[in-house]
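Contents: one structure, followed by commentary.
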Amino acid sequence: MTPDDRPLPRAEVELEVPFHDVDMMEVAWHGHYVRYLEIARCRLLDAIDYNYLQMRASGFAWPIIDLRLRYAAPARFAQRLAIEARLSEWENRLKIDYTIRCAESRKRLTRAWSVQVAVGLDDGEMRLASPPALIERLMAWQEAQP
C-alpha cells in the first residue's frame, strides 16, 4: 500500500532576517538561504512525524544529494520571510520544493528544491526506494487530513 492521490504535506515558517545574515548593503547573503530552507524542511518533516531523529531511529540517514536555488529578489535586514516547504516526490527519494516570500506582500523572492535519499545506517548503501517507515508516515498523515 502507498500514499494515494490526496495532496502531499506542506509546511510554512516565518522568520525575520537577522542582522548577522546580511552584508553591508543589508541584503541577506545567499548562503544563508540554505539554513532558511532547512528550518522549513524540519517543520515539514515534523508534520509527517518523520523528523531526523525518527529517520535515524528507523535505520536511515537522509543526506541531501541535490539542492537548487533561484533568486528572484533579495531578502533584506529585518524583513519577515515566509518559507514554504512542499513534499513533491517520495517514492524513490524525498524531493521538497520551496518558496521564500516576503511575509507581508507575499512577493516571491526565491524558489528552491532539495533531494534527499535514504541511506542504510547499517551498511551505508543508498536505497533505490523509500523505506516503509516513510511510506507509513505519509499514509498516516494523509488519513488524518479532512
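Remember, predicted model here, so these are calculated numbers, not experimental data. What's counted below: heavy atoms across the whole structure, side chains too, no hydrogens, waters or symmetry copies.
In this structure, CG in N51 is found 11.0 Å from CG in L44, a value given to the nearest 0.5 Å. A distance of 11.5 Å separates CZ of R76 from SG of C102, quoted to the nearest 0.5 Å. The distance from the CZ atom of R137 to the CD1 atom of I48 is 8.5 Å, given to the nearest 0.5 Å.
Clustering ILVMFWY residues whenever any of their side-chain heavy atoms sit less than 4.5 angstrom apart, transitively, puts I65 in a cluster other than the one holding L94. In the hydrophobic clustering of this structure, W141 groups with L87; members are Ile, Leu, Val, Met, Phe, Trp, Tyr whose side-chain heavy atoms approach within less than 4.5 Å, directly or through other members. When hydrophobic clusters are built by joining Ile, Leu, Val, Met, Phe, Trp and Tyr residues whose side-chain heavy atoms come closer than 4.5 Å, directly or via intermediates, V117 is not grouped with Y50. Using a 4.5 Å cut-off between side-chain heavy atoms of Ile, Leu, Val, Met, Phe, Trp and Tyr, with links allowed through other members, V34 and L45 fall into the same hydrophobic cluster. Clustering ILVMFWY residues whenever any of their side-chain heavy atoms sit less than 4.5 angstrom apart, transitively, puts V115 in a cluster other than the one holding I83.
Among residues at least two apart or in separate chains, ring-ring contact (aromatic ring centres under 6.0 Å, His included) pairs with a member in residues 21-42 are W29-H32, Y33-Y36, Y33-Y71.
Of all heavy-atom pairs spanning Y52 and E38, the tightest one is CE1-OE2, 3.2 Å. Closest approach of M55 and S58 over heavy atoms only: O-OG, 2.8 Å. Looking at every heavy atom in both residues, R68 comes nearest to D66 through NE-OD1, 3.2 Å. Between R108 and A72 the shortest heavy-atom distance is NH1-CB, 3.6 Å. The nearest pair of heavy atoms linking I64 to R41 is CD1-NH2, 3.1 Å. The heavy-atom pair separating S114 from L67 by the smallest distance is CB-CD1, 3.9 Å.
P131 is listed as a side-chain neighbour of W62, based on a closest heavy-atom distance under 4.5 Å. Under the 4.5 Å side-chain criterion, counting only non-hydrogen atoms from C-beta, I135 is in contact with W90. Contact of the L37 side chain with the I96 side chain is not registered, since no non-hydrogen atoms from C-beta on lie closer than 4.5 Å.
With sequence neighbours excluded, the residues satisfying salt bridge (charged side-chain N to carboxylate O under 4.0 Å, His left out) with R93 are E89.
For the pair D122 and R127, the salt-bridge criterion is met [side-chain N within less than 4.0 Å of a carboxylate O].
Without hydrogens or angle criteria, R80 side chain to A103 main chain gives no donor-acceptor distance under 3.5 Å. No donor-acceptor pair under 3.5 Å is formed between the side chain of R43 and the backbone N or O of I39. Not a single donor-acceptor pair under 3.5 Å links the side chain of T110 to the backbone N or O of I100. The backbone N or O of M139 lies less than 3.5 Å from no partner atom in the side chain of Q142, so there is not a single donor-acceptor pair.
The number of heavy atoms from other shown groups lying within 6.0 Å of CZ (R70) does not exceed 12. The 12-atom threshold is exceeded at CD of Q145, counting heavy atoms of other residues, nucleotides or ligands nearer than 6.0 Å.
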Under 3.5 Å, which donor-acceptor pairs link side chains of residues 8-18 to any protein atom two or more places apart or in another chain?
from, atom 1, to, atom 2, distance (Å)
R10, NH1, E84, OE2, 2.5
E12, OE1, R106, NH2, 3.3
E12, OE2, R106, NH1, 3.4

